[in-house]
Amino acid sequence: MSGPASGSGLRGEAAGRDILALMTELFPICRSITGAGFRETLGILKRRVPLEVREVPSGTRVFDWTVPKEWNIRDAYVRGPGGGKVIDFARSNLHVVSYSVPVRRTMPLAELKAHLRTLPDHPDWIPYRTSYYREDWGFCLSHRDLLALEDGDYEVVIDSTLADGSLTYGELFLEGRTGDEILISAHACHPSLANDNLSGVGLAAALAGSLAGARRSYSYRFLFIPGTIGAITWLALNEDRVGRIKAGLVLTGLGDAGRLTYKRSRRGDAVIDRAAAHVLGQASPPGRVLAFSPYGYDERQYCSPGFDLPVGRLSRTPFAEYPEYHTSADNLDFVSARALGDSFDKTREILDILEQDETFVNLSPKGEPQLGKRGLYAEAGAEEMALLWVLNLSDGGHSLLDIAERSGLGFEAVRKAADKLAGAKLLARRAAKGAAG
Ligand SMILES: [Zn+2]
């Protein structure tokens, strides 16, 4: 087993260390949107959570897309005029443009250069590049290494295959008391990149382990999929059941040092949007909440107009705002157990709100009830304010999340006050769970 058993109660930095250990194991694997690296990744996740591995054949039509050929790579290098390897896939899997077709040729530097990608502004970093939907080949290298290449003939070898096979993804379903589902989606198609990709994968796996051992109203569906084509494929194969999804999160970019950022769903005011905004607003320092836009990760697919699912995205620094994004600098040193643990805790808090939000009715609404004679008198302060807010707004039309938002108090304080008041028979539950939307 890698890491603790399912249902571990780890929180904070300890949870972050557990996630980082999993990321460290997954980091060296050369993943792409299909192929052996993706399967190997799911195999490692499967030791922690009992996910199902699905295979969808190349050529399958999925809405406006087609499942691509399967790509596999064994080796790749460029040998210079001096005889040594000047670019070597064995040293970093970022060196090869993902989905490069097989090549075995000798060519002059000028011709090779048309296939080389670098980052002149960050001369020591290797960029991450792909060519999924256009058959091509290429190498990525540091700009410093490019400048050192001498004129002459270069031997170019890409030992890859691009052939009919399948697209692989992982799916885990945790059944709750209701059929209403919460979707947790992470893309797992990037090679050795830590924050963009593995932080979301690791956090989702840890979350699945932790929720498996928790009491749940909702059912949870976890997807470990290749970006874009994986989400589209899953939606196409599951169109008849997406109506059960009452909330969802795309998880990625959760290990860097920045503040948490939540991107709203297309709906903008779904319960997941409100719960996430509440948790980030209460955090110290507070996180950021962004409006929906039709760009980004797989929320683009879940929030396409034909689905319009209540799915937002949780990250720390958004991908467009850190230069390490899609480069070799997004490595295991760029992420920390502390940030991963904080992301894990906040994700649990958001989901806890979804699980625990409900609506009460004040049974003694004419004048304030006398709290003292019921042993509920609290010292003036947050606890008393929570009791008063819950009593005042529990008219059957305000949920605990509504009350937390309006009062500025934390959801947990409001929840505790409601439990106390219900215990003293001052509140009655209005509606069963499961009406979230
Ligand atoms: Zn990416």
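Model, not experiment: these values are computed from the prediction. Keep in mind that the numbers below use all heavy atoms, side chains included, and drop hydrogens, waters and symmetry copies. Numbering of residues begins at 1 and proceeds along the displayed sequence.
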Self-check item: Geometric class of the H326/H190 ring pair [parallel <30°, tilted 30-60°, perpendicular >60°]
Solution: perpendicular
Quiz item: Parallel under 30°, tilted from 30 to 60°, perpendicular over 60°: which one fits the rings of Y133 and W65?
Solution: perpendicular
Flag side-chain contact, heavy atom, 4.5 Å: [X] against [Y]:
X: T178; Y: K246; value: no
X: Y99; Y: L162; value: yes
X: R264; Y: L290; value: no

side-chain contact (heavy atoms from CB on, under 4.5 Å) partners for [X], two or more places apart:
X: A329; result: W125, E324, T327
X: E181; result: F173, S219, R221, R244, I245
X: D88; result: D75, Y77, K85, A90, R91

Please report, to 0.1 Å, the donor-acceptor pairs under 3.5 Å made by any side chain of residues 114-122, with sequence neighbours excluded.
from, atom 1, to, atom 2, distance (Å)
H115, ND1, W137, O, 2.9
R117, NH1, A114, O, 3.3
T118, OG1, H143, ND1, 2.7

Practice problem: Evaluate ring pair (Phe, Tyr, Trp, His ring centres under 6.0 Å) for F89 paired with F139, printing each intermediate quantity in order. | Solution: CA-CA 9 Å; F89 173 77; F139 284 89; 9.2 Å; no
Using distance only, find each side-chain donor-acceptor pair of residues 275-286 under 3.5 Å and give its atom names and separation, not counting sequence neighbours.
from, atom 1, to, atom 2, distance (Å)
H278, NE2, F411, N, 2.9
Q282, NE2, G408, O, 3.1

Self-check item: For H95, all residues meeting ring-ring contact (aromatic ring centres under 6.0 Å, His included), sequence neighbours excluded
Solution: none
Quiz item: Between Y132 and W71, does the ring centre distance come in under 6.0 Å?
Solution: no
Practice problem: Tell me whether the centres of the aromatic rings in F307 and F63 are closer together than 6.0 Å. | Solution: yes
Practice problem: Give a yes/no verdict on a cation-pi contact between K263 and F292, requiring under 6.0 Å between NZ or CZ and the six-membered ring centre and an angle within 45° of the axis. | Solution: yes
Quiz item: Looking at CZ of R215 and CD of Q356, how far apart are the two atoms once the value is rounded to the nearest 0.5 Å?
Solution: 10.0 Å
Exercise. Looking only at non-hydrogen atoms, find the nearest pair between D333 and N331 and report the distance.
Key: N-OD1, 2.9 Å
Exercise. Take S142 and D124, measure what side-chain hydrogen bond (donor to acceptor under 3.5 Å, both in side chains) needs, and give me the verdict at the end.
Key: CA-CA 5 Å; S142 73; D124 292 316; 5.4 Å; no
